[in-house]
> 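Before we start, here is the structure in question, set down as structure tokens.
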Amino acid sequence: MSKCEKCAFFFPIPEGDMDFEPGKGDCVRQQEDTKGKFWLSRPVFENSDACEHHRTQIN
Amino acid sequence: MGTTERTTRLKNRCRFKHVAGGEYVDAGVKAGVERARLITQSHKENIGEPNCVIRAKGLENILSNITVHIQDDELIVGANTEHPDYFPMYPELSYFATLDMVESQYCDHKDEMREITEYWKPYTIQTKGEKYFTPEEIGIMYSATTIQPPMFVTAFSSIVPTYESVLEDGLLKRIEEVEKNIANANASLRKSPWNAQENLHYLDKLDQWKAMVIAMKAVVGWAQRHARLAKIMAENFLTDAKRKEELLEISDICRNVPANPARGLRDAMQSKWFTYLLCHSIERYSSGYGQKEDKLLWPYFQKSVIEKSDQPMSREEAVELFECERLKVSEHGSTKGRQLREFFAGSNDLFILTLGGINPDGSDASNDCTNAILEATESIITTEPSISFRWNEIGNTETKQKVFNCIKKGFGFPSIKNDEMNTQQLIKYFNVPEEVARDWALVLCMSPGITGRRGTQKTRSEGGSDVYPAKVLEIALTDGFDEFFSNIQLGPKTGDGAEFKSFEDVWNALKLQLRFAIELGLRSKDVGRIMESTHLSCPFISSIDDGCVEKGMDANALAEVPNPWHNIIGGSVVVIDSMTAIKQLVFDEKKYTMAQLVEALRNNWEGKEEMRIDFWNAPKFGNDDAYADAVATKYYDLIADEWKRNTTYSGTYPLPLAQSVAGYIVNGPKTAATANGRHAGEALDDGGSSPYMGCDKNGPTAVLKSASKINASKYKGILLNQRLSTVLMNSDAGFDLWHAYMKTWHSLDIDHVQFNVISQEDMKAAQIEPEKYTDTLVRIAGYSAKFIDLARYSQDTIIARTEQDMASGS
Ligand code: SF4
């Protein structure tokens, strides 16, 4: 099964940030509704199972 | 419309969270579940720790894991929930309020939230507080008839965050300071020889300080999450070069604040917004937007806009930023039980900031930052945040003109508070040093409190809570029993009004019923205060108060600067007019007996129309009528004396505050017919010295003269609503007429005044074609609302207010 680590929406947390933990990252996704666009960020771990929104990283 | 394309777009797509008739107006509004889920998870993992540490870890879990978001076009970022359409829930506060929300249409996670609500039931401050009251007392309080239900069930609170310490120090410096306190305490505990008296107090302090550090670090981490999100958006999702640049700047700002001192206006605004969210709706829920904004932001405005030395920006950009702030507040959602949602008809919550007045050195405090805030308010047209302007004799005319411009457009704000009187009140009653008192801001709608780095008000168990006087008079005539609404004994047995032999008998029954209601209300607040201190520590709020850091105390527990008050909400003038009519028609002229009156009121004047008209035509407050005004003076002195008998948590007696919010609308239907000729169920008067709707017939000066006979210096505030002619206000002479009116108002030592400037025709047209009047605002009492969001009944009460003609003079 795919993991978050390989997802285009996974961004590792830089070392030194208060909430840094090895393997932890931000899952950032764009959403849009009738009132406009917004971007959501929630913490995930690279070894978490990918969700239905997973998109494979290009590089 | 906004002054820029951005703010016009933001306004057009604003995710308002207004309520009407107790329900949210916008279809997309939902209850967010993440805060409740995360605080519950943390609570389960940390049971057994001291309460402050449990609470700090709860906050840490929320801030580290809640979904954060940034919307297109935003310049100020951060919210209290996982989605821009949501509002958060607080299962740790009130079981009833949470359950009400969980079972409503707004909660999509019913099973999970029911489980969370049940989990918290034994830990809520509601459960903890209830056990100190008898079932009868609980019944009286929860009926919301004579007094507001206690804070431990409404979960309602208010606070003035100590923004200055965050903007000036930054949290990293404060963490260092707290860690120093911990190190010193640990060293003292290990000193030889052992001295228990000198050291045991450190145990609780160590817990408090440890909790503060956890909370502040979590906040810095949360801001960094926003910094990362803005950068990720710029680098991965967006192509527009200008927006990318803005997002990189937002990222830089969130990296810097609130961790470090604010450099310029953009930092200061963002740091203030993060602090607002934390203190008002993430660590716990508290209403309000208490701040002296033009004083707080003035140093940063100078650096960025005037000197252009840090985060340089044009004045137009500053106005745009203030417009963004107003829209951010408009989108802010809070959850409340039904009674409070109904109390804030047409609004979402109470957001009131304060401008004007004087500086600690006595100079005019209105500056160009004040002007820019007022200009943004005039252009963007939102109901929130409301503004209170401190009217001081020395205030400059340019700023007063801008205040007038907002009022004449019909916003209903700025409301005006008497600067000298409110400053003196803090000095005289609460021993606040004059230079500190001069920086006051309203805590909520009407009540002044200090601002600054320490000692600001942290909880509504200090101020707030309500007594409903019209209902109290009703039961004073029915032996304390509520025959009309709740069918319970609401107060002591003070006799059947039908048998009262003298006017003094009526006063005495009123006094004893008031006394009971006041004392029960005060006791419930102080019990709530202990529950908050013991079970609802607020380590972040404590960490940004210099006094709490110094003393190692929780902000709920520390009452460094007492500021107690208690509201008398909507109905004071109904009582005054009723007592006046009773005095004249029953005891002076002896046209009717008390038995006839009590029977007529019990039957809602049925078959007694002639009698009702007599009572309706008796002298009324607001006409400079000596007979009615003498009753008003006596009533208001009685109220002040009754509160003065008590001593509250903070060691002194509370001052009463006569106002209304939308209580005059909500409580009208619970109140039987009254002796001022009002039918059962009809609205009450809309504030402390606002004449009853349509009863002020002698012009604006007569209203001011009546209001001036009440000794407002014994009060936290006394609300006065006035409706002014749109034609006059918009005429060439408009400002001069209003300015002359304001000078008269000020010279008469009146505490407050606020205005509706909207024509009868426009309001009636808005009732027929609401879609054409989306920006039509009206003043309710203490806040403004979109006219079209109000229920028809509420709209009609505003139409019924007398329109004053300032040009008539008399
Ligand atoms: S949670 Fe889904 S969208 Fe987010 S990083 Fe993992 S797979 Fe990608």
Side-chain angles (χ1 to χ4, degrees), chain A, chain B residues 9-16 26-29 34 38 60-61 63-74 77 79 81-86 171-172 175 214 216-238 240 243 247 254-255 259 331:
Chain A
M1 179 159 197
S2 304
K3 299 285 177 190
C4 286
E5 186 183 14
K6 298 285 174 219
C7 178
F9 301 132
F10 178 81
F11 301 89
I13 297 173
E15 259 186 81
D17 273 14
M18 285 284 185
D19 55 342
F20 171 78
E21 283 177 53
K24 194 177 179 185
D26 296 319
C27 161
V28 175
R29 290 181 44 237
Q30 176 181 312
Q31 285 199 9
E32 187 167 6
D33 62 14
T34 52
K35 299 214 164 168
K37 284 184 188 155
F38 52 96
W39 288 263
L40 304 164
S41 166
R42 64 187 185 88
V44 287
F45 282 87
E46 58 188 20
N47 60 359
S48 307
D49 290 338
C51 75
E52 77 223 52
H53 304 293
H54 176 273
R55 188 189 295 168
T56 311
Q57 284 171 6
I58 295 167
N59 51 357
Chain B
R9 280 196 302 273
L10 282 172
K11 167 110 187 258
N12 287 337
R13 69 113 191 93
C14 186
R15 298 168 191 268
F16 290 110
D26 277 19
V29 178
E34 285 192 12
L38 292 165
E60 182 184 39
N61 202 36
L63 298 179
S64 309
N65 294 298
I66 195 167
T67 303
V68 297
H69 48 86
I70 294 177
Q71 299 185 67
D72 216 1
D73 275 324
E74 283 191 320
V77 301
T81 55
E82 62 266 38
H83 188 285
D85 279 336
Y86 294 2
L171 297 182
L172 295 180
I175 291 170
I214 295 169
M216 283 192 280
K217 286 187 175 170
V219 168
V220 173
W222 177 63
Q224 288 173 344
R225 292 184 63 204
H226 289 85
R228 295 200 301 264
L229 174 57
K231 190 158 181 276
I232 290 167
M233 285 167 64
E235 292 174 348
N236 299 274
F237 288 89
L238 292 155
D240 180 76
R243 184 60 182 157
L247 283 163
C254 296
R255 282 254 160 231
E331 292 202 322

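Quick caveat, the model's predicted, so the values are computed rather than measured. So that the names make sense, note that chain A is the first sequence line, chain B the second, and so on, each numbered from 1.
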> For chain A, which of B:E34, B:R9, B:K217 has the most heavy-atom pairs under 4.5 Å?
B:K217
> When you measure from the side chain of A:Q30 to the backbone of B:F237, do you find a donor-acceptor pair of N or O atoms at a distance under 3.5 Å?
no
> Measure B:L63 against the heavy atoms of chain A and call it side chain, backbone, both or neither at under 4.5 Å.
neither
> Just do the salt bridge (charged side-chain N to carboxylate O under 4.0 Å, His left out) check on B:K231 and A:D26 with the steps written out, would you?
CA-CA 12 Å; B:K231 190 158 181 276; A:D26 296 319; over 6 Å; no
> Assess whether atom CD of A:E32 is packed by more than 12 heavy atoms of other residues, nucleotides or ligands within 6.0 Å.
yes
> Of the backbone (N, CA, C, O) and the side chain (C-beta and beyond), which part of B:D73 lies under 4.5 Å from a heavy atom of chain A, both, or neither?
neither
> Is it the side chain or the backbone of B:R228 that comes within 4.5 Å of chain A heavy atoms, both, or neither?
side chain
> Roughly how far, to the nearest 0.5 Å, is NZ of A:K24 from OG of B:S64?
5.5 Å
> Which atoms of B:E82 are under 4.5 Å from chain A, going by heavy atoms: the side chain, the backbone, both sets, or neither?
backbone
> Check whether B:N12 gets within reach of chain A through its side chain, its backbone, both or neither, counting any heavy atom under 4.5 Å.
neither
> Which residues in residues 35-50 of chain A have a heavy atom less than 4.5 Å from any heavy atom of chain B?
A:K35, A:G36, A:K37, A:F38, A:W39, A:L40, A:S41, A:R42, A:P43
> Begin with the C-alpha distance, continue with both residues' side-chain angles, and end with the deciding distance and a verdict on side chain to side chain contact (heavy atoms under 4.5 Å, CB included) for B:R255 and A:D17.
CA-CA 10 Å; B:R255 282 254 160 231; A:D17 273 14; 2.8 Å; yes
> Sequence neighbours excluded, which residues qualify as ring pair (Phe, Tyr, Trp, His ring centres under 6.0 Å) partners of A:F9?
none
> With a 4.5 angstrom heavy-atom cut-off, which part of B:L238 approaches chain A: side chain, backbone, both or neither?
side chain
